[in-house]
2 protein chains.
Amino acid sequence: MRSSHAADQIRHFRRHEHLARKEEVQDKVFRIEEGWACRYCLLADGRRQITALFLPGDYCEPQWLLAGRSDLPVIALTEVKVTEMPLAGIHAKPGDGVMKLLAGVVKTLNRQTDWIVSLGRKSATERVGSLLSELYARLREINRVMGDRCTIPLTQQDIADIVGLTPVHVNRVLGDLRQRGLVQFSGKTLVVPHPEELSMVAAAA
Amino acid sequence: MRSSHAADQIRHFRRHEHLARKEEVQDKVFRIEEGWACRYCLLADGRRQITALFLPGDYCEPQWLLAGRSDLPVIALTEVKVTEMPLAGIHAKPGDGVMKLLAGVVKTLNRQTDWIVSLGRKSATERVGSLLSELYARLREINRVMGDRCTIPLTQQDIADIVGLTPVHVNRVLGDLRQRGLVQFSGKTLVVPHPEELSMVAAAA
DNA sequence: CGGATCCTTGAGTGGGCTCAAAATTAGTGG
DNA sequence: CCACTAATTTTGAGCCCACTCAAGGATCCG
């Protein structure tokens, strides 16, 4: 059974185009069909922190159902194709759809909790290791890992804004992980020969 | 109208007693009546990161309604008095109670987003400033600020585990804020003479 | 083929860490 | 209420991880 119905609209965004602005009324939720997007916060002096990543299959942002508005801006990291799910339609037909969105909220919450642990208590290498490990696992869940190979369409600047480091240091850490044979990461292609070894350096609980 | 009903039970926890263990089935949600508690994550080598704070009036943890289980342990930071809200009762009588819990999930989510920004992109002084600013505001909402004075029952070790620093450095930062006249913080009593000035050093968006 | 974006590397600096010990406060049992 | 112990706060000295500044190379795209 398809969870989408007649009212749902397909929509495209170009790279760096906003899916939502800061503190904006939202009368719909997106489901990402293709491409990556992120929620971010821009401080007064230009520092940027990415606070959520949206990959194909993810809802963006399920909590708009409850809040009716966005808190932080959401921007496309690549070309993005989404399905628009009008909140009116969801409210009118409660049931399965609502539960899926609420499950999405909880998933987002748990991912953010992990990020807090990472940012608060892990070293640079552990943070980057955690991130690549998480992304590899998420891509695997949606069948985007071929063999031990997948596509991570993030610039090193993007990665820096996720793990709270400078792009220069991210570059050095990636070089280090590469040299230790834990990952190969050239262009946008990530290869993880031994996922278990990578999650070892990610310093799990 | 009281949102609690006959099935709700009052319960007490001593300081350092667990309200929930890691990955445990939960058939109830707590509402904090008195005292402070926190969710935390313990890494293999002993590093601790606090990922949520629960103050009087907060639900702990509303997402258990949706997940049916706890992900991370929750521990009492002080003596704590809670109301137990059985999930069975909530499911049986959906409506207002459910909505309040869902609003609680969104509130938790937004607070965690702010913490990510703080941990990822702010300096030590900004992080401590943000935290004190947030706590002052939350305590004010629940009428726990008398004049410009309130009680923060956290040790400097606790604060360190929230803002991702060492207790030694937290001590130095607090000393600095005190010297600059932004806060007075001795014993467990926090005084904020000029809340606006404090939120200035917190580096808002 | 030209321009912009992104990646890489080097050299030097500094914010927050570690280690250590003393001073203060809080907690406990007699 | 006091003595004793444990927990917490404070301060000093020195170090290191990640940052800044800077320049050159690679890659992408029109």
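Lettering of chains follows the sequences in order, A, B, ..., and the numbering in each one begins at 1. Small disclaimer: the values here were computed from a predicted structure and weren't measured.
Here the C1' atom of nucleotide dT10(D) and the CD atom of Gln157(B) are 15 Å apart, to the nearest Å. Counting to the nearest Å, the P atom of dT10(D) and the CG atom of Asp176(B) are 13 Å from each other. To the nearest angstrom, P of dT9(D) lies 11 Å from CZ of Arg178(B). Between Leu77(A) atom CG and dC6(C) atom P there is a gap of 11 Å when expressed in whole angstrom units. The nearest whole Å value for the distance from the NZ atom in Lys188(A) to the C1' atom in dC6(C) is 7 Å.
With salt bridges taken as basic N to acidic carboxylate O contacts below 4.0 Å, one links Arg47(A) and Glu126(B). Salt bridge present: Arg180(B) and Asp176(B) bring a charged side-chain N and a carboxylate O closer than 4.0 Å. The pair Lys81(A)-Glu79(A) fails the salt-bridge criterion, with no side-chain N (NZ, NE, NH1 or NH2) lying under 4.0 Å from an Asp/Glu carboxylate O.
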Quick one: side chains of residues 160-169 of chain B, donor-acceptor pairs under 3.5 Å with protein atoms, not counting sequence neighbours, listed by atom name and distance.
from: Asp161(B); atom 1: OD1; to: Arg121(A); atom 2: NH2; distance (Å): 2.7
from: Asp161(B); atom 1: OD2; to: Arg48(B); atom 2: NE; distance (Å): 2.7
from: Asp161(B); atom 1: OD2; to: Arg48(B); atom 2: NH2; distance (Å): 3.0
from: Thr166(B); atom 1: OG1; to: His169(B); atom 2: N; distance (Å): 3.3

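Look at Asn171(B) and you'll find a side-chain N or O under 4.0 angstrom from OP1 or OP2 of dT10(D). For Gln156(B) and dT10(D), the shortest distance from a side-chain N or O to OP1 or OP2 is below 4.0 Å.
Nucleotides dT13(C) and dC17(C) have their C1' atoms positioned 16 Å apart, rounded to a whole Å.
Distance check: Leu66(A) CG to Glu61(A) CD gives 12.0 Å after rounding to the nearest 0.5 Å. Summarising the geometry, atom CG belonging to Leu139(A) is positioned 10.0 Å from atom CD belonging to Glu134(A); distances are rounded to the nearest 0.5 Å.
When the options Arg39(A), Lys100(A), Arg138(A), Lys107(A) are evaluated for a salt bridge (Lys or Arg N to Asp or Glu O under 4.0 Å) with Asp58(A), the one that passes is Arg138(A).
Summarising the local packing, CZ of Arg69(B) is surrounded by more than 12 heavy atoms from other residues, nucleotides or ligands at distances under 6.0 Å.
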Derivation and outcome, side-chain contact (heavy atoms from CB on, under 4.5 Å), residues Leu119(A) and Ile116(B)
CA-CA 7 Å; Leu119(A) 290 166; Ile116(B) 289 175; 3.6 Å; yes
One character per nucleotide, please: for nucleotides 24-30 of chain D, 5' to 3', B when the base has a protein heavy atom closer than 4.0 Å, S when only the sugar-phosphate does, - otherwise.
-------
For nucleotides 14-20 of chain C, read 5' to 3', which letter fits each nucleotide if B means a protein heavy atom sits under 4.0 Å from the base, S means only the sugar-phosphate is that close, and - means neither?
--BSB--
